[in-house]
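Inspection log for the structure reproduced underneath, given as structure tokens.
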Amino acid sequence: MSVLLVIPARFASTRYPGKPLVELTGASGEKKSLIRRSWDAAMSVSGVDKVVVATDDDRIREASEAFGAEVVMTSESCGNGTERCAEALEKLGGAYDIVVNLQGDAPLTPSWFVEDLVAGLRAHPTAEVATPVLRCDGRALNGFLADRREGRVGGTTAVFGADKKALYFSKEVVPFTSKTFADADETPVFHHVGVYAYRPSALGAYPKWPAGPLETLEGLEQLRFLERERPVLCVEVDARDRQFWELNNPEDVPRLELMMKEMHFD
């Protein structure tokens, strides 16, 4: 099966305008833009036939082309990364069996998250969409809870059934637990990793559906599939002692840089 990996990136982020061009300092002191770090993460994934950046902004295009990325220009009307991936696939001729959406705000995404995700979708021939979930340790969960207490929108959590099909995704911490966890403790909360694998049929249908109330309230694009009763397969991935976090707010920059320093991540 041929695999296309798309990095959707827009400049006009509501919470963090210009986010793809924000520079992050690695363990060695070298600064790289978020879009460059996302590209490097994508290029480390095995089994991918093509990697492109999909954007509607010339500043992102120029920055991406400067480090050698292939760029597909997409419409300003794309409401989210899934719609941008759908347009990129169409512009590239649609000749791929699986499309991966590696959102450009998660530069610490390990290659095996994406590889395991694609393998999970391949192993379920009736599944149309898949996304990774990562069991939170206490450190990650406590970070989520601190963000919510301070009024910040942090990571997204996921709940799913015994068949691994998603029941819900939320920017609140779900499921609720009153227990206190130490940093190294295993918790019952799963962090939704902002990566998706689609079959072209589901991806092509997505832009034709209007956003529903849950997607609108939560601001989570994957809820459009659930609101249309299209199942989303949750693929549990293993952190292998790697820390993971997305860049959602300006306050996340020092958090990510500390993680890169601790992991000797350049």
Side-chain angles (χ1 to χ4, degrees), residues 1 3 5 38 41-42 44-48 81-82 85 97-103 105-145 147 154-177 179 181-199 202-203 214 218 220-226 229-246 248 259 263 265:
M1 289 186 176
V3 178
L5 193 155
S38 299
S44 73
V45 179
S46 64
V48 172
T82 299
C85 287
D97 300 304
I98 293 176
V99 180
V100 174
N101 172 353
L102 179 63
Q103 300 192 82
D105 59 5
L108 300 185
T109 304
S111 58
W112 61 88
F113 279 21
V114 183
E115 292 158 4
D116 290 352
L117 175 65
V118 171
L121 186 61
R122 284 175 169 158
H124 291 76
T126 60
E128 293 184 292
V129 184
T131 194
V133 293
L134 175 66
R135 186 183 291 274
C136 289
D137 60 14
R139 178 180 181 179
L141 176 57
N142 293 332
F144 278 19
L145 294 171
D147 279 338
T156 298
T157 57
V159 290
F160 47 88
D163 59 359
K164 302 297 183 182
K165 291 179 181 176
L167 300 174
Y168 198 60
F169 299 92
S170 183
K171 289 178 180 174
E172 291 289 351
V173 179
V174 292
F176 168 77
T177 173
K179 185 178 177 181
F181 296 91
D183 282 357
D185 288 347
E186 187 176 271
T187 81
V189 176
F190 282 85
H191 186 178
H192 171 240
V193 180
V195 183
Y196 304 93
Y198 321 93
R199 298 196 190 277
L203 186 58
L214 295 177
E218 292 267 11
L220 295 175
E221 63 201 87
Q222 68 270 33
L223 290 175
R224 194 179 307 184
F225 289 109
L226 296 188
E229 299 184 349
R230 304 295 278 271
V232 176
L233 179 70
C234 291
V235 178
E236 186 172 354
V237 292
D238 185 355
R240 302 184 195 174
D241 296 322
R242 274 275 296 271
Q243 298 180 57
F244 174 81
W245 201 263
E246 298 114 345
N248 296 297
M259 288 180 174
M263 294 187 295
F265 193 93

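Here the structure is a predicted model, which is why all the values come from computation and not from measurement.
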Across all chains, not counting sequence neighbours, the side-chain hydrogen bond (donor to acceptor under 3.5 Å, both in side chains) partners of N248 are none

Note: P175 and V159 closest approach over all heavy atoms is CD-CG1, 3.7 Å

Interatomic distance, CG@L223 vs CG@L214, rounded to 0.5 Å, equals 6.0 Å

Applying side chain to side chain contact (heavy atoms under 4.5 Å, CB included) to V195 and not counting sequence neighbours gives V100, L102, T109, V114, L117, P132, V193

R230 meets the salt bridge (Lys or Arg N to Asp or Glu O under 4.0 Å) criterion, sequence neighbours left out, with E128

Sequence neighbours excluded, the answer for ring pair (Phe, Tyr, Trp, His ring centres under 6.0 Å) partners of F160 is F190

Taken in chain and number order and not counting sequence neighbours, the residues that satisfy side-chain hydrogen bond (donor to acceptor under 3.5 Å, both in side chains) with E218 are Y168, S170

Rounded to the nearest 0.5 Å, the CZ atom of F169 sits from the CG atom of L226 at a distance of 6.0 Å

Any sub-3.5 Å donor-acceptor pair from T157's side-chain atoms to E172's backbone N or O? yes

CG of N142 to CG of D147, rounded to nearest 0.5 Å, is 11.0 Å

Looking only at heavy atoms, the pair that brings L134 and V237 closest together is CD1-O, 3.5 Å

Is there side-chain contact between Y196 and F225, with at least one heavy-atom pair below 4.5 Å? no

For T187 and G138 the tightest heavy-atom approach is CG2-N, 3.7 Å

Sorted by chain and number, sequence neighbours left out, salt bridge (Lys or Arg N to Asp or Glu O under 4.0 Å) with D137 holds for none

Sorted by chain and residue number, the side-chain hydrogen bond (donor to acceptor under 3.5 Å, both in side chains) partners of H191 (sequence neighbours excluded) come out as E246

- Query: Going by heavy atoms in the side chains, are L220 and H192 under 4.5 Å from each other?
  - Reply: no

Shortest non-hydrogen pair, A158 vs V133, comes out as CB-CG1, 3.8 Å

Here the pair of heavy atoms bringing A106 nearest to S38 is N-OG, 4.5 Å

The side-chain hydrogen bond (donor to acceptor under 3.5 Å, both in side chains) partners of E221 (sequence neighbours excluded) come to T82

On a heavy-atom basis, the closest approach of F144 and V173 is CB-CG2, 3.8 Å

For residues 232-242, the side chain to side chain donor-acceptor pair (under 3.5 Å) pairs (sequence neighbours left out) are none

CZ of R199 to CD1 of I98, rounded to nearest 0.5 Å, is 5.5 Å

Contacts satisfying side chain to side chain donor-acceptor pair (under 3.5 Å) that involve residues 110-125 (not counting sequence neighbours) are S46-E115

- Query: Do L108 and M259 come within less than 4.5 Å of each other through their side chains, counting heavy atoms only?
  - Reply: yes

